[in-house]
Every structure is written in structure tokens, then in C-alpha cells.
Protein chains: 2
Amino acid sequence: MIDDTLYIPLHVQLSKSLEEKIKAQEFIEKIPSERELMDMYSVSRTTVREAVTKLVNDGLLIKVHGKGTYVNKKPPIQEWLSSLNSFTETVRRMGMVPTSKLLTSKKLKADEHKIGVFKEEVLMIERLRYADEKPIAIERHYYPLSIGERLSKFNLDKETIYDLLENELGIVLDEAEQYITSKIIEEHLAPYLEIPSGSNVLLVERTIVDEKGNVVEYYIGQYRPDMYTFRIKTKRNINKK
Amino acid sequence: MIDDTLYIPLHVQLSKSLEEKIKAQEFIEKIPSERELMDMYSVSRTTVREAVTKLVNDGLLIKVHGKGTYVNKKPPIQEWLSSLNSFTETVRRMGMVPTSKLLTSKKLKADEHKIGVFKEEVLMIERLRYADEKPIAIERHYYPLSIGERLSKFNLDKETIYDLLENELGIVLDEAEQYITSKIIEEHLAPYLEIPSGSNVLLVERTIVDEKGNVVEYYIGQYRPDMYTFRIKTKRNINKK
DNA sequence: GTAAATTCCAGGTATAGACCAGTTTCTGAG
DNA sequence: CTCAGAAACTGGTCTATACCTGGAATTTAC
């Protein structure tokens, strides 16, 4: 079950194994106690706790002192909003496989979509996003042409856009301002997400700027609320003095 | 420096001590090695690592294998209950007048609803929130009785609860974890928000803990999505070199 | 019968010690 | 003098052990 001849740390192997069993519904509500896991996998309690702590931080498990460790039944995908993450990163961290399908990629006059942040032409990229082959969201990215033209040379089905921006185009994503609300899905998009038209979606609107304050991206995402939750952890006094 | 006669766990004390020193610029770039910290504080390496790991997760420190642990010079922006949480403040900033109507205030057994967030009885406060006399949200706050009984002596139609908690009751709100998603409104609440039953609402779920990790509040808010948007400003966390 | 005490099992904290894996620095052979 | 290689750092992994606190069931006392 766990192989210590591999180079992979035991707590990582254990963590993955637990994650698979959770997804496979082998643990429905409660997972075995830490001491039981010690025996089951023949590792020390420290290793068990390290593996479990990882899954707790990822939001998959919830520990209750004196009772046990439980499977979190909230929607499977939770986006961590205290740092700027992409769909790809988020889905992957939840132990699922993210994929994309490119729907549209075209130039637009900035005023067509009433996008105040851009003045001239923009490139609009529309993608359908999947997690484990289930459609989760429709995302629309808008870029100034200077960025968009370089971006459109890549395979946007495979690549994660933010990696491309940062690593291939050398653009630094610095700050983002996001709005989250909910609305009725745009009629023609309902079939893509495999939900009835008239359903509600989570709407995310985002503007990203670089270090100099230039708008790098404007983004609109529509997410299935039964599959996606935004998660925010805040702590006081970190930057306050 | 560290007192093990207190009830506070050593790794928490150490973590706080390090956090203070980081903020006080006592560690400018690199913090002492784990083995040095062991000697400085007379604790085991496990304890040191636990304390450091916490600060790494919070984004204050960055570990580099073989080199050392460094102070993150771009700590993530973490908005507290400013734009994101305080209904009162948010509405006021939009130039509207926030008001409240107390719907319910009663004691409940804790066990029906939640897994282990509360152990004993709780006080539940249910309020209808208005902006310029239009109903916007229904909020439910749950408090342990020790807090709830003191809280219920105040006029909850007028006061903002978080001000009361901090300024009147002297309770320190330290960390909050929140989930934002969307769902169908609870049938009986639809008339309060003046929307058709079956409408979608923005759902916010939140747990706030104090410095020792005790749960101070559990909260559920249901917002009219046509009237309310959550705004979050984030900075990309750079975990590289 | 019911309430208090006991016991067991859960996670929480903490120690000491061993060894592994990158990185830098020192050192000695050529 | 150069530079390979050892030594001496760093964090990373892992074991074994001990005792604490919280929750719940069971036993015991009244």
C-alpha cells in the first residue's frame, strides 16, 4: 500500500492514498483514527498527522478534538481567495484533473462588451472548464492586443493562461480585484454547463494589474454553484501595526 | 520568553514570538535555523517546525531546502472584516443607510446543525438587513452561551455586532474562514427579502475563532444577488525563490 | 432510576534522536 | 594556485514514546 523504496515521502504517499479513498467514498463520514492509520500503513503517528494535516488545510477533512476526523461534505472544489489562483491550480489541489475546451478566440472593440477597463481593441478568449470531465465553469478572458496576440499563438486547450503570461510572456501579475455575485446563466451557455437554462451561476468578475498598475486582464467567470465554492481565510493584524 | 506554565501551547507561543520579531524587523531577511531556534527557545525541533510551518502557511515565511527560512517581503494582502464582511460598513461606503431588524434571538441545542463547531447550547441571532430600507440579506449568527448572553443585552437593531464583541465584550477576533456559494433561498425567508420563493441567493458561511482557536462565532448569511456583491482584493503570493 | 465517577478512545502537544537531501564553505592533493 | 571532495551547514523525513485534554459510553453509587 505504501512503498518506502520509492523516493516519495511517506506522508505524501499516505496523503494521496487517503485522498483517493475519500474520493472513492471508502470513507463516508469519518476516517480511521490516527492510531488506526498508524497500524494500517505501518508508519508513525507523526507521519499520519502530517498527511492528515495536509488534507485538513486543503479543506477535505475536518478534525474534531475528542471525536475524530471527518470528511468535509462541502462542494468538491474550493477556490482559495487569499492568493490569486487559477482554476487549474485550484482543481488540481482538490485532487481532480482540470481540462479546458476553447470556445472562442477573437478580437473585439473594447466597447462591444462595455468593458471600461480597456480603451482600444481587446482579445477575448472563451473557454469551457472541466474538472474530472465534468463541466464546471465558463471563463472569458479579455486582454489588450499587445498581450493577446502573443497569447493566441499557444495551445489554450492545454496550457494554463497564467503560466503562459508569467513564464512565456514575462508579465507579472501583481494585484487583482474581484467581485463575486450570482445571477441567471446566459441562456446560450446553459447547455455547456449541463444545467437547465434559468439556473443560477456564481459570477466572478476580476481585473488584474501588473506592478505598474496597467490592466493585464479583465475576466468574467460563470461557475456552477453546486460544484464550486469560494473559500477565504483571513487573519487579523498581519499587515497592521 | 516562552512560558510552559501557561496553558498556551509552546508552538503557538513560539509562532507568535516569531511573528512579532518579523514585524519588528528583528529578522530582516533570514530567520535563525531550526536548530538555532531549538536552543534559543529550549524546545524540540518538532515544536519549532510546527511554529514555522504555521507562518509559512500564513505566507509570512518561505522555506528553502538547504539554505534557510526567509522572510516573505511580499506578504499576501489579507483583508479583514472590512469590505468583505461588515455589512454595515459596506453599505455605508456605497452611500446608503444600513439598518437591521431583529427577527429571532433564542437558545438552541448545538448538535442539530453542525459538526463540532459548538459543543453546548448556542445563542442564535437572526437579523434582516436593509440598505436604504430595501431588504438585502438575512443573517444568522451563532454564539456560545458565554458570549451570547452578554451580547443579547444590547440593542441589536442598532449596533454592529462586531463592534460590540470587540469593544464592549473585549473578545478578540483573530481568524476567520468563509465560504461563498449560491443556492436556492430557504422557502420561508423569501418574503422577508421580497423575492419569489425558488430564487437564488448568495450564501456566505463563516467561522471566526479567537487567538486560542476557540470558536467565537458561526455565521450564515443569505444575500440578494441582485443587490449585493462581494469584493476581494488579492495579491499573488510569490512562493518562488 | 438517575446522577456521578470511571474508562476508553479520539485528537493535541511535546520530546529526543536518527538519517536524508540540497547548499555552501573549507581544505588538501595535485 | 586550482579545484575536487569532504565537512558543515540548511531544511526534509521519520520513528518511538510520553502525557495531555475533550467526548462519550459504561459502570458505579446513591
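Labels below follow one simple rule: chain letters A, B, ... track the order of the sequence lines, proteins then strands, and each chain is numbered from 1. All heavy atoms count here, side chains included; hydrogens, waters and symmetry mates do not.
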Between the protein and nucleotides 10-13 of chain D, which nitrogen or oxygen pairs are less than 3.5 angstrom apart?
unit_1 : atom_1 : unit_2  : atom_2 : d
D/dT10 : OP1    : B/Ser33 : OG     : 3.0
D/dT10 : O2     : B/Gly66 : N      : 3.4
D/dG11 : OP1    : B/Thr69 : OG1    : 3.4
D/dG11 : OP2    : B/Glu34 : N      : 2.9
D/dG11 : N7     : B/Arg35 : NH1    : 2.9
D/dG11 : O6     : B/Arg35 : NH2    : 3.1
D/dG11 : N2     : B/His65 : NE2    : 3.3
D/dG11 : N3     : B/His65 : NE2    : 3.3
D/dG12 : OP2    : B/Arg49 : NH1    : 3.2
D/dG12 : OP2    : B/Lys63 : NZ     : 3.0
D/dG12 : N7     : B/Arg45 : NH2    : 2.7
D/dG12 : O6     : B/Arg45 : NH1    : 3.0

Are any side-chain N or O atoms of A/Glu217 and backbone N or O atoms of A/His141, one a donor and one an acceptor, separated by less than 3.5 Å? no

Hey, does the side chain of A/Thr47 come within less than 4.0 Å of D/dT15's phosphate (OP1/OP2), counting only N and O? yes

Under a plain distance cut-off of 3.5 Å, with no hydrogens placed, do B/Tyr41 and B/Ser17 share a side-chain donor-acceptor pair? yes

Is any NZ, NE, NH1 or NH2 atom of the basic residue among B/Glu186 and B/Arg140 found under 4.0 Å from an Asp or Glu carboxylate oxygen of the other? yes

Of all residues at least two apart in sequence or in a different chain, which pass the ring-ring contact (aromatic ring centres under 6.0 Å, His included) check with A/Tyr228? A/Tyr223, A/Phe230

Strictly below 4.0 Å, N to O, side chains only: are B/Lys54 and B/Glu175 in salt-bridge contact? yes

Of all residues at least two apart in sequence or in a different chain, which pass the salt bridge (charged side-chain N to carboxylate O under 4.0 Å, His left out) check with A/Asp132? A/Lys23

From the 5' end of DNA chain C to its 3' end, which nucleotides mark the outer limits of contact with chain B, defined by a 4.0 Å heavy-atom distance cut-off (strictly under)? C/dT13 to C/dT24

A/Tyr179: what forms a side-chain contact (heavy atoms from CB on, under 4.5 Å) with it, not counting sequence neighbours? A/Glu177, A/Glu205, B/Thr229, B/Arg231

Residues at least two apart in sequence or cross-chain that pass salt bridge (charged side-chain N to carboxylate O under 4.0 Å, His left out) with A/Arg35, listed by chain then number, are none

